[in-house]
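For the numbers below, each heavy atom of this structure counts, side chains included, while hydrogens, waters and symmetry mates do not.
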Amino acid sequence: YNNDVYLSASDNASITNDVANSGITYSNNIIYKLGTGGYGTGGTWTHNVFYGNHPASEPTDSSKLTTDPLFVSPGSGGAGRSSATGYELKTGSPAIGSGILISSNGGLDFFGNTVSGTTASDRGAYNGPPQ
């Protein structure tokens, strides 16, 4: 839950390779996929963002968003934790406050921002103030 996945137009890797009845639940993730890779057939998907290329294997998610999540600088990640700031969310992002509650979420996001255990979080790895 609450991951960011970025695949450039030249990256055609699969997002998942899980199989039916895997028991895995994917929640509050942002998949920013410009390449043509697909998805496995398993898992339960809820409150994710699927932006970019939408292959036929895109999972069913009744609460999905397909609009631009408005990352600060998508594709800018590199070596080192500080390069992930490009995946913070801009003001107006549809991912802000639209996730599902994960009650045992550890209390902090990837960047060290507080994540509530009683109210819905943002989708993706960033739960801080919009940039």
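Note that CG of N105 and CG of N2 are 7.5 Å apart. Values are rounded to the nearest 0.5 Å. To the nearest 0.5 Å, the span separating OG on S27 from CG on N3 amounts to 10.5 Å. Distance check, rounded to the nearest 0.5 Å: OG1 of T36 to CG of N12 gives 3.0 Å. The line from CD of Q131 to CD of E88 is 4.5 Å long, rounded to the nearest 0.5 Å.
In this pair, Y39 and W45 present their aromatic rings perpendicular. The plane angle is above 60°, beyond the 30 to 60° band. Classified by interplanar angle (parallel below 30°, tilted 30° to 60°, perpendicular above 60°), the ring pair F71/Y87 is perpendicular.
Hydrophobic clustering (ILVMFWY, side-chain heavy atoms < 4.5 Å, transitive): I31 and Y1 are in distinct clusters. When the side chains of ILVMFWY residues are joined at heavy-atom separations under 4.5 Å, either directly or via intervening members, I96 and V115 end up in two distinct hydrophobic clusters. There is a path of hydrophobic side-chain contacts, each under 4.5 Å, that joins F111 to V49. Note on I30: it does not cluster hydrophobically with I24, by side-chain heavy-atom contacts below 4.5 Å among ILVMFWY residues.
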S121/N28 under side chain to side chain contact (heavy atoms under 4.5 Å, CB included): CA gap, chis, key distance, verdict: CA-CA 8 Å; S121 69; N28 295 346; 3.6 Å; yes
Side chain to side chain contact (heavy atoms under 4.5 Å, CB included) between H47 and K64, intermediate numbers included: CA-CA 5 Å; H47 291 80; K64 75 179 175 181; over 6 Å; no
Pair D61-F50, side chain to side chain contact (heavy atoms under 4.5 Å, CB included): steps then yes or no: CA-CA 10 Å; D61 179 342; F50 298 95; 3.9 Å; yes
Test side chain to side chain contact (heavy atoms under 4.5 Å, CB included) applied to L65 and S98, step by step: CA-CA 9 Å; L65 298 174; S98 66; 3.9 Å; yes
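Of all non-hydrogen atoms in G124 and D4, the two that sit nearest each other are CA-OD1, 3.2 Å. Of all heavy-atom pairs spanning G38 and S57, the tightest one is CA-OG, 3.3 Å. Closest heavy-atom contact between P74 and V72: CD-C, 4.0 Å. In this structure, S76 and G86 approach most closely via the heavy-atom pair OG-CA, 3.4 Å. T67 and Y51 get closest at one heavy-atom pair: C-CD1, 3.6 Å.
A distance-only check finds no donor-acceptor pair linking the side chain of S103 to the backbone of G117 [under 3.5 Å]. Judged by distance alone, with hydrogens and angles left aside, the side-chain atoms of S83 form a donor-acceptor pair with the main-chain N or O of G80 at under 3.5 Å. Judged by distance alone, with hydrogens and angles left aside, the side-chain atoms of D11 form no donor-acceptor pair with the main-chain N or O of S8 at under 3.5 Å. Side-chain atoms of S93 come within 3.5 Å of backbone N or O of P69 as a donor-acceptor pair. In this structure, N127 contributes its side chain and D122 its backbone to a donor-acceptor pair below 3.5 Å. Without hydrogens or angle criteria, S116 side chain to T119 main chain gives a donor-acceptor distance under 3.5 Å. Proximity of a side-chain donor or acceptor of R123 to a complementary backbone N or O of N48 within less than 3.5 Å is detected.
Not counting sequence neighbours, the partners of N113 by the side chain to side chain donor-acceptor pair (under 3.5 Å) test are D109.
For R81 and F110, the positive end sits near the middle of the six-membered ring, less than 6.0 Å away and at most 45° from its axis.
At least one side-chain heavy atom of T66 sits less than 4.5 Å from a side-chain heavy atom of H54. For the pair I15 and K33, the minimum side-chain heavy-atom distance is below 4.5 Å. For the pair L34 and Y6, the minimum side-chain heavy-atom distance is below 4.5 Å.
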